[in-house]
Each structure stands twice: as structure tokens, then as C-alpha cells.
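All heavy atoms count here, side chains included; hydrogens, waters and symmetry mates do not. Remember, it's a predicted structure, so these values are computed and weren't measured experimentally.
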Amino acid sequence: MKRLPNLNLSEEEYLTLINNPITRGGEGIICPGTRKDTLFKIFIDIYGNNNPLSDNKERKINLLFQLDLNDLVKPIRTISYKGQIIGYEMSYDQLDIALKKIVLPRKELIKVLKQSRETLIELSKHDITYGDVTEDNILYNPKTKKIKFCDIDNIRIGTLPIDTKGFSLSKYYSLTGTIDEKADAYMHNLLTLRSLSYNYHTYDTEILLDLKREQFPTRFKQQARNTFRSMNDPKSFNGEYIIQYVKR
């Protein structure tokens, strides 16, 4: 079994990183890695204090390192500072762009959505639920035309739960009491609707209200209507991906 390596930061290295983040997120910061093809994710709170990597996250990162799955950003090693693990180093392709930040022709966008569906189905075979399936967390490479998912520490693997849930996933969980492969299909359907029939700034509550009124989006085959109706109540959601019913 491969052992996940660890990088121990000096105080100088640590201060350089936290003072020069590439971007900030809800749980921490993204910083340049040790190579051009890596990045650091360091967990700090809004006040700049370290949030040591939770046992749940550390175990998930280790499992993903062992699995070495395609179409996911890959963990390379953990990062520690003053005896505590504070983050991890991950693979990075400079050409990758978050889906939210690019405008693709409809034909290409459909391909991207179908690719992401296949990735989620493949992950389910490893007892993994991605959970927060959004345009922020899907990376697109314009050169290869391929996608991968990022934010890998926030997924469910086996009995290791998702750590934080966005609004739509929280709503799904509150109504179903579970996060499973159906949750991924449900979230992917919302992403598909935002991408193809609304826009990325449309609230999911507005989309679901249209579905409840049976104001179904056009350019989907008739078979999609049963799935649209089932999305009104996540407890009765049929688990189908609507991207398979899209019309070009």
C-alpha cells in the first residue's frame, strides 16, 4: 500500500504561502505548490488562524491517494506546520478552467455535462458520492476537451461523510436524510438546467419552482418529464440524469 507523503513547512515557507494565496474559499486558501503542476490547499479560518486537517478529511485524502482515480484532482502529499497537518498538495494543470468561468458552445457544453455524468457514475462504483456538483467544482481543459472534479476533500467515501454542504445539497439532505448516488444525479440535473436552460446565476429554488409548475425547459426529450416531476420531492426522485435526454 502506498503511503501518502508529508511536507513539513518552515515558518518562512508557511508565512510566504498564506500571504500570497491564489484564491480564498470557504474553508481555506489555494496557494502555489512546489512545482508548476501542483497547488497547496491550506485550511485556515476567516481570521487567518490554522484549522488543522480533520481526521475525516485526512482519511479521505489518504483513500483517494490509494485509489488514484482519473477525472479527479489528485492528492500528492499532506502539508504540516508545527506538528499539525494543515492541508495538502494536489495536482494542477495550468490550462484547467472552472466551468463557471468559461462560455462554451452548446454542443461542447453538452459533451462536458455528459463527461461529468460518466465520472459521477464511475465514482459511485467506488462507493463515492461527490456531493457538491456545481460549475465551481468542475474543471475544463480547452486543449484536451476533458473535465475533472476538484475540491476532493469534501466528498463522501464509504462511511466518511461530506464535511460541508451547499444550499441545494443541504436541502436535499434535510428532505431525504441521506447523501448517495441519487444526490449526485439530483445535483447534476440542477447544474444541467442552470447551464443549458437558465444561467449560472439562477437560483436553484427558481428552477425547482418552474418544475413544480410544470413549466418544463424546452430542448429535452419527452422522457425527461418524469424526472423533472420527481425532482419536486427529493424523497421520490427517480435518480435519473436528464443530460441523457437533452436535444442538441
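There is no side-chain donor-acceptor pair under 3.5 Å between Y172 and D204. At a cut-off of 3.5 Å, with distance as the only test, no side-chain donor of T129 or D180 sits close to an acceptor on the other residue. Under 3.5 Å, the side chains of D93 and N141 contain a donor-acceptor pair of N or O atoms. Residues S195 and E135 have side chains that never bring a donor and an acceptor to within less than 3.5 angstrom of each other.
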**Request:** Could you check K182 against E240 for salt bridge (charged side-chain N to carboxylate O under 4.0 Å, His left out), going step by step and ending with a plain yes or no?
**Result:** CA-CA 8 Å; K182 279 190 175 183; E240 285 197 322; over 6 Å; no
**Prompt:** Can you list the steps and then say if K60 with D153 is a salt bridge (charged side-chain N to carboxylate O under 4.0 Å, His left out)?
**Reply:** CA-CA 6 Å; K60 287 190 287 186; D153 58 87; over 6 Å; no
**Prompt:** Would D136 and K100 count as a salt bridge (charged side-chain N to carboxylate O under 4.0 Å, His left out) if you check the C-alpha gap in whole Å, the side-chain angles of each, and the deciding distance to 0.1 Å?
**Reply:** CA-CA 6 Å; D136 301 87; K100 186 176 183 178; 3.6 Å; yes
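Other residues, nucleotides and ligands contribute more than 12 heavy atoms inside 6.0 Å of the NZ atom of K74. Taking a 6.0 Å sphere around CZ of F216, one finds it holds more than 12 heavy atoms contributed by other residues, nucleotides or ligands. Counted within 6.0 Å of CZ on R106, heavy atoms from surrounding residues, nucleotides or ligands total more than 12; the atom is thus considered enclosed.
Not a single donor-acceptor pair under 3.5 Å links the side chain of Q66 to the backbone N or O of L4. Under the 3.5 Å distance criterion, the side-chain polar atoms of R156 are matched with a main-chain donor or acceptor of G158. Between the side chain of N232 and the main chain of R229, a donor-acceptor pair closer than 3.5 Å is present.
Counting only heavy atoms from C-beta outward, the side chains of L104 and L99 approach each other to under 4.5 Å. Residues T134 and L191 form no side-chain contact, since every pair of their non-hydrogen atoms from C-beta on lies 4.5 Å or further apart. With contacts defined as side-chain heavy-atom distances shorter than 4.5 Å, the pair D151/V73 does not qualify. Side-chain contact between T164 and D132 is absent, with no heavy-atom pair separated by less than 4.5 Å.
Residues L95 and L139 do not share a hydrophobic cluster, defined by chaining ILVMFWY side chains whose heavy atoms lie under 4.5 Å apart.
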